Amino acid sequence: MPRVARRGGDAAAMPGEQEATMDDQDRTRLIDAVRELAPELGRRAAEIEAARELPADLLDRLRAAGCFRMFVPRSHGGYGADPRTGLAVLEALARADGSTGWTVMIGAETPHLLAMLPRDRFDELYAQGPDVVVAGGFAPQGRAEPSDGGFRVTGRWGFASGSRHADWIFGNCVLTEDGQPLPGPDGQPAQVRSMLLRVDQVRVEDTWHSLGLRGTGSHDVVIDSVHCPAGRSFDIFSGPPCVPGPGFVAPLSQFVLHLGAVAVGIAQGALDDMVALLDAGRQRLYARQSLADSPAFRVQLGRADLYVRAARTLLRSLADDLLGAAEAGDPAAVDALRPVISASLPWVTEAATAAVDACYRSAGGGAARDSSPIQRRFRDIHTFGQHAAAAEGWLGNNGAHLLGRPVELAY
């Protein structure tokens, strides 16, 4: 077996060192840039869907706005954004267009993934600038065989969002020897490790034809017997970060919160679309009064709005709790939050879906047309709900935690 780094280099071993955090000027610059871009994203949502990925000019503008560098440490040219700012940015983008919010979310999480590499590798990858984008697959759908101080990697990973504009591709792999999976410690399931490869070493196959989130370019990526140096492999689920500071503590828990922000943005966008439809004087066929004047509809709309507000508030509260525990250097508090955070996403998804469904049902036959923005929100949130991290089973982890029972898996 090749030697792989179990710690992230010297930075991870310096508990007193902290990365500089986002300043007010950068926060204002980022949020203002997103607000300025949002109307165009909304106008071009159908174009994004038809292309099945973000157009190059929009990607350039999102990069220029700082969206892909918002979580990159300030020491490496990024903004070092705090969790609340990140949630606000992702929600605003998803509110304008679900596919854009999702795509930026994936790209913006790049530094959290790369921070699981040794520090010298992290520094090397950001040496040319902060707007590095990684795409790939979390599911262990490949295999990695020890070879020449690294691994020989083969596999196919689905749902690799943003893979066509990524700079690097990672794939989570089962470690093998002589073709057989290597067992984990004490007979645990096979060892798993992620491999990071240049985009020119990977084949992206055009496979993304979906119900919703059509503009995310979530194609398959294929790797055919490519060598990956040991120093570009990492443990995606429990690898220690090489970057100090609370922004890199429990990255997978932070990813869950980011997903939730996208769901909330999609739902808020549906409410916006519904209000705009009512402002245009929408009246259902055979109805005696306009939809806006219907007491029954007002109840539905009022409930949907509170679902979205509650989901947003929950995410912000959990982000604050996680940041507080990380800043206090309290690993036990961070661990206690993991099952709660992992359970939050299916609940937030349920709330967001309920809000979007209420809008879709109330919008009448016109909502069934492809030209309807509410139809797009409907398809986006139901596609979102199929994500593994939004599965109902995560709620059971929180229940087990409350009962003091073992939690088998939690971010």
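Computed from a prediction, not measured in an experiment: that's the story for all the values here. Residues take their numbers from the sequence shown, with the count starting at 1. Basis for what follows: all heavy atoms, side chains included, without hydrogens, waters or symmetry-related copies.
One finds a salt bridge joining D23 and R74 here, because a Lys/Arg side-chain nitrogen approaches an Asp/Glu carboxylate oxygen to under 4.0 Å. In this structure, D97 does not pair ionically with R377, as no charged nitrogen and carboxylate oxygen lie closer than 4.0 Å. Between R84 and D82 no salt bridge is recorded (no basic side-chain N to carboxylate O distance below 4.0 Å). With salt bridges taken as basic N to acidic carboxylate O contacts below 4.0 Å, one links D305 and R309. A salt bridge is absent between E53 and R214: the closest approach of a Lys/Arg side-chain nitrogen to an acidic carboxylate oxygen does not fall below 4.0 angstrom. By the 4.0 Å N-to-carboxylate-O rule, R63 lies too far from D131 to be salt-bridged with it. We find that D206 and R164 are joined by a salt bridge, their nearest charged nitrogen and carboxylate oxygen being less than 4.0 Å apart.
Between H112 and F255, the ring planes are perpendicular. Angles over 60° get that label, and only those under 30° would be called parallel. Between F234 and F170, the ring planes lie tilted relative to each other; the angle falls in the 30° to 60° range.
Aromatic ring centres of H382 and Y360 lie farther apart than the 6.0 Å criterion allows. Side-chain rings of F159 and H219 stay apart, their centers remaining 6.0 Å or farther from each other.
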Verdict with supporting geometry, D235 and M116, side chain to side chain contact (heavy atoms under 4.5 Å, CB included): CA-CA 7 Å; D235 184 340; M116 298 178 201; over 6 Å; no
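Donor-acceptor pairing under 3.5 Å is lacking for the side chains of R143 and T176. Judged by distance alone, the side chains of Q375 and D370 do bring a donor and an acceptor atom under 3.5 Å apart.
Side chain of W157 to main chain of F138: no donor-acceptor pair is present (N/O by atom type, distance under 3.5 Å, no hydrogens or angles).
For R29, the CZ atom sits in a packed shell: over 12 heavy atoms of surrounding residues, nucleotides or ligands are nearer than 6.0 Å.
Between T110 and Y126, some side-chain heavy-atom pair lies under the 4.5 Å cut-off.
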